*Asks:* 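The structure is given below, and queries will be raised subsequently.
What you see below is based on every heavy atom in this structure, not just the backbone, and it leaves out hydrogens, waters and symmetry mates. Quick caveat, the model's predicted, so the values are computed rather than measured.
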Amino acid sequence: MALFGVHFDGAITTEDHKVSIRILSNTYEHMQRSIDRAYLINKHGQVWKHARLKGVDYQETEFIAQYPREGGIILDAVREGADAIIDRVAAAIRPVFEEASTQAVERAQSIADQYQRRLQYVADMGAATQTFESVKDSPPSVWAPGYSNRSVVKEIDPLVSVITREEGSLAEIILVGSRTHPVFRFTPLIAHRFHLLASRRDLATPMIVNVRLRILDRGNKKVMPSAKIENVATGREVTLHLPERSDFDVLHPFHDGREIKIYASPITESLGFDLYGGDLMFLDLVG
């Protein structure tokens with residue numbers, strides 16, 4: 001019997017070992033979402049942006065909630081024949097949890113600082129910058145598994161982050177798949193470090209991408225401009241972030257369906273990237 005359990009204790013619980021409905025619903029929601037992501041990884045070998053369950057997939061991921069147990073508050077969900085799903089959840093959590101548990105986590109360099117370095121890169125490399133096609137033929141080995149793992153970890157993050165609001169709180173994740181996995185025991189400090197790792201975003205090495213502008217959004221005082229572009233090499237539509245408001249004016253003359261070449265950096269998430277659907281950061285026009 002496969003089991004996914006979450007145990008809360010300490011200040012986050014009441015005197016009679018109960019938690020709020022908000023915490024209860026948040027826990028079950030993200031438990032289910034992490035299970036869904038793990039199932040899709042097992043089924044397809046990886047998960048991609050906006051991947052969704054279909055038809056029979058819902059039956060395969062239907063865990064049954066057990067009555068909450070005391071001793072803190074322990075929330076369980078079980079399912080027969082789902083060992084591989086739980087093993088996959090554990091495999092995704094383990095490296096991030098271990099890093100968060102054993103060492104201080106350095107804050108990633110800001111996207112703004114990385115952006116300036118990427119601008120200098122394309123200024124130096126020019127037409128010698130790698131093309132999207134060359135990256136597609138030989139993508140970094142960490143991208144696909146990193147993105148897949150991150151899809152599970154990003155659901156565990158808000159599940160355990162609730163304890164960071166109450167010092168002295170604890171959250172434990174108990175996983176039983178093909179074996180009983182070591183318990184993941186989160187203190188507020190570990191949960192905070194876990195969040196830093198789960199939410200890390202970086203600008204990967206720039207590339208030249210052939211695109212067509214589909215939608216160009218000027219943004220407003222609070223939201224930066226952005227675009228929806230068709231990547232000509234894949235025929236897929238992806239989001240292009242425009243880090244400068246002047247970038248809207250640079251691209252606007254080309255908002256007529258013609259094919260153009262741009263320099264852009266993949267925006268990686270926890271070092272993972274969906275080559276066909278991941279967001280890009282605009283750097284400049286080519287030529």
*Asks:* Mind checking whether H195 and S161 have side chains closer than 4.5 Å, heavy atoms only?
*Replies:*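 H195 vs S161: side chains touch.
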*Asks:* Grouping I, L, V, M, F, W and Y whenever their side-chain heavy atoms are under 4.5 Å apart, do L24 and V162 come out in a common cluster?
*Replies:*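 Yes; tracing contacts between hydrophobic side chains, which count when under 4.5 Å, links both residues.
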*Asks:* Would you confirm whether T129, through its side chain, and M125, through its main-chain N or O, come within 3.5 Å as a donor-acceptor pair?
*Replies:*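 Not confirmed, T129 side chain does not pair with M125 backbone.
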*Asks:* Same hydrophobic cluster for Y276 and W48, using side-chain heavy-atom links shorter than 4.5 Å among ILVMFWY?
*Replies:*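 Hydrophobic grouping puts Y276 apart from W48.
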*Asks:* Taking the side chain from D247 and the backbone from F282, do they hold a donor-acceptor pair closer than 3.5 Å?
*Replies:*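 No, because the side chain of D247 does not come within donor-acceptor range (under 3.5 Å) of the backbone of F282.
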*Asks:* CZ of F194 to OG1 of T164: how many Å apart, nearest 0.5 Å?
*Replies:*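 Rounded to the nearest 0.5 Å, the CZ-OG1 separation comes to 13.0 Å.
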*Asks:* Any side-chain heavy atom of L275 sitting closer than 4.5 Å to one from F132?
*Replies:*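 Counting from C-beta outward, L275 and F132 do come under 4.5 Å.
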*Asks:* Taking S169 for the side chain and I12 for the main chain, is one N or O donor matched with an acceptor at less than 3.5 Å?
*Replies:*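 Judged by distance alone, yes, a pair lies under 3.5 Å.
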*Asks:* When rounded to the nearest 0.5 angstrom, what is the spacing between OG in S34 and CZ in F4?
*Replies:*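 Output value for this atom pair is 4.0 Å.
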*Asks:* Quick check against the 3.5 Å criterion: does T13 have a side-chain atom that pairs as donor or acceptor with the backbone of G10?
*Replies:*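 Checking the backbone N and O of G10 against the side chain of T13, a donor-acceptor pair under 3.5 Å is found.
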*Asks:* May I ask you to decide whether D57 forms a salt bridge with R52, counting only side-chain N to carboxylate O separations under 4.0 Å?
*Replies:*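 No, D57 and R52 are not salt-bridged.
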*Asks:* When you measure from the side chain of D202 to the backbone of A204, do you find a donor-acceptor pair of N or O atoms at a distance under 3.5 Å?
*Replies:*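 Here the side-chain-to-backbone pair does not exist.
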*Asks:* With L175, which of I85, L3, T180, I86 fulfils side chain to side chain contact (heavy atoms under 4.5 Å, CB included)?
*Replies:*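 When I85, L3, T180, I86 are each tested with L175, the side chain to side chain contact (heavy atoms under 4.5 Å, CB included) holds only for I86.
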*Asks:* May I ask you to decide whether R201 forms a salt bridge with E269, counting only side-chain N to carboxylate O separations under 4.0 Å?
*Replies:*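 No.
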*Asks:* Do T205 and Y121 make a side-chain contact, defined as non-hydrogen atoms from C-beta onward lying under 4.5 Å apart?
*Replies:*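 Sidechains of Y121 and T205: in contact.
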*Asks:* To check you understand the geometry: which heavy-atom pair defines the closest contact between A38 and V89, and what is its length?
*Replies:*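 Where A38 meets V89 most closely, the heavy atoms are CB-CG2, 3.6 Å.
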*Asks:* Should L285 and I260 count as side-chain neighbours, where that means a heavy-atom distance under 4.5 Å?
*Replies:*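 Answer yes - side chains close enough.
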*Asks:* Side-chain heavy atoms under 4.5 angstrom apart, residues restricted to Ile, Leu, Val, Met, Phe, Trp, Tyr: same cluster for F63 and L53?
*Replies:*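 The answer is yes; both residues are in one hydrophobic cluster.
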*Asks:* Can you tell me how far CD1 of I262 sits from CG of L251, rounded to the nearest 0.5 angstrom?
*Replies:*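 The CD1 atom of I262 is 7.0 Å from CG of L251, to the nearest 0.5 Å.
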*Asks:* Report yes if some heavy atom in the side chain of L40 is under 4.5 Å from a heavy atom in the side chain of D36; otherwise report no.
*Replies:*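 Not in contact.
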*Asks:* Go through it in stages, so that I can follow the logic: the residues are D83 and R179, the test is salt bridge (charged side-chain N to carboxylate O under 4.0 Å, His left out), and I'd like the CA-CA distance, side-chain angles, deciding distance and then a yes or no.
*Replies:* CA-CA 8 Å; D83 292 357; R179 63 186 179 90; over 6 Å; no
*Asks:* Counting C-beta onward and ignoring hydrogens, is there a side-chain heavy-atom pair between I163 and L170 closer than 4.5 Å?
*Replies:*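 In short, these two side chains do not touch, never coming nearer than 4.5 Å.
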*Asks:* To the nearest 0.5 angstrom, please state how far the NE2 atom of H192 sits from the CZ atom of F186.
*Replies:*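 That separation rounds to 14.0 Å.
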*Asks:* So which atom in L280 and which in I229 form the shortest heavy-atom distance, rounded to 0.1 Å?
*Replies:*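 So the two residues come closest at CD1-CD1, 4.1 Å.
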*Asks:* Of all heavy-atom pairs between P188 and G168, which one has the smallest distance, and what is that distance?
*Replies:*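 Scanning both residues completely, I find the closest heavy atoms to be CG-N, 4.3 Å.
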*Asks:* Determine the minimum heavy-atom distance between E230 and G235, stating which atoms define it.
*Replies:*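 That closest heavy-atom pairing would be OE2-CA, 3.9 Å.
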*Asks:* Test salt bridge (charged side-chain N to carboxylate O under 4.0 Å, His left out) on E172 and R185; report intermediate values, then the result.
*Replies:* CA-CA 4 Å; E172 293 181 329; R185 189 170 188 268; 3.3 Å; yes
*Asks:* Do Y28 and I174 belong to the same hydrophobic cluster, where Ile, Leu, Val, Met, Phe, Trp and Tyr are linked whenever their side-chain heavy atoms lie under 4.5 Å apart, directly or via other members?
*Replies:*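 Not linked; separate clusters.
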*Asks:* Are I267 and H241 side-chain neighbours, meaning at least one heavy-atom pair lies under 4.5 Å?
*Replies:*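 Of all side-chain heavy-atom pairs linking H241 with I267, at least one is under 4.5 Å.
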*Asks:* Run through T239, L240, I111, L242 and flag the one making a side chain to side chain contact (heavy atoms under 4.5 Å, CB included) with M281.
*Replies:*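 In the set T239, L240, I111, L242, the residue that makes a side chain to side chain contact (heavy atoms under 4.5 Å, CB included) with M281 is I111.
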*Asks:* Could you check whether D137 and S134, counting side-chain N and O atoms only, form a donor-acceptor pair closer than 3.5 Å?
*Replies:*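 D137 and S134 do not have a side-chain donor-acceptor pair below 3.5 Å.
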*Asks:* So does G126 get a backbone contact from the side chain of Y263, meaning a donor-acceptor N/O pair under 3.5 Å?
*Replies:*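 Between the backbone of G126 and the side chain of Y263 there is a qualifying donor-acceptor contact (under 3.5 Å).
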*Asks:* Should F184 and F97 be marked as a ring pair (Phe, Tyr, Trp, His ring centres under 6.0 Å) after you check the CA-CA gap, both sets of side-chain angles, and the distance that decides it?
*Replies:* CA-CA 7 Å; F184 297 103; F97 175 81; 5.2 Å; yes
*Asks:* At their closest point, which heavy atom of D274 faces which heavy atom of Y147, and how far apart are they?
*Replies:*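 Smallest interatomic distance, heavy atoms only, reads N-CD1, 3.8 Å.
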*Asks:* Roughly how far, to the nearest 0.5 Å, is CZ of R94 from OG of S101?
*Replies:*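 If I round to the nearest 0.5 Å, the distance is 12.0 Å.
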*Asks:* So, taking the atom named NZ in K43 and the one named CD1 in I41, what distance separates them when rounded to the nearest 0.5 Å?
*Replies:*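 The NZ atom of K43 sits 14.0 Å away from the CD1 atom of I41.
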*Asks:* Quick one, W143 and P266 - any side-chain contact, counting heavy atoms below 4.5 Å?
*Replies:*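 In short, these two side chains touch, coming nearer than 4.5 Å.
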*Asks:* Locate the shortest heavy-atom distance separating A77 from M31; write the atom from each residue and the value.
*Replies:*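 For A77 and M31, the tightest heavy-atom pair comes out as CB-CE, 3.7 Å.
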*Asks:* Keeping D87 on the side-chain end and S178 on the backbone end, is there a donor-acceptor pair under 3.5 Å?
*Replies:*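 Pair found, side chain donor or acceptor close to backbone of S178.
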*Asks:* With side-chain hydrogen bond (donor to acceptor under 3.5 Å, both in side chains) as the criterion, how do D249 and S246 come out once you've worked through the C-alpha distance, each side chain's angles and the decisive distance to 0.1 Å?
*Replies:* CA-CA 5 Å; D249 299 319; S246 58; over 6 Å; no
*Asks:* Within the side chain of Q114, is there an N or O that forms a donor-acceptor pair under 3.5 Å with the backbone of L203?
*Replies:*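 A pair under 3.5 Å: yes.
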*Asks:* Under a plain distance cut-off of 3.5 Å, with no hydrogens placed, do H255 and R214 share a side-chain donor-acceptor pair?
*Replies:*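 Side-chain D/A pair, R214 to H255: absent.
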*Asks:* Does Q130 reach the main-chain N or O of I208 with its side chain, forming a donor-acceptor pair under 3.5 Å?
*Replies:*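 Between the backbone of I208 and the side chain of Q130 there is no qualifying donor-acceptor contact (under 3.5 Å).
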*Asks:* Using modelled atom types and a 3.5 Å cut-off, is there a donor and acceptor pairing between side-chain atoms of R37 and backbone atoms of V152?
*Replies:*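 Between the backbone of V152 and the side chain of R37 there is no qualifying donor-acceptor contact (under 3.5 Å).
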*Asks:* Are I156 and I190 in one and the same hydrophobic cluster, where Ile, Leu, Val, Met, Phe, Trp and Tyr link if side-chain heavy atoms are under 4.5 Å apart?
*Replies:*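 I156 clusters together with I190.
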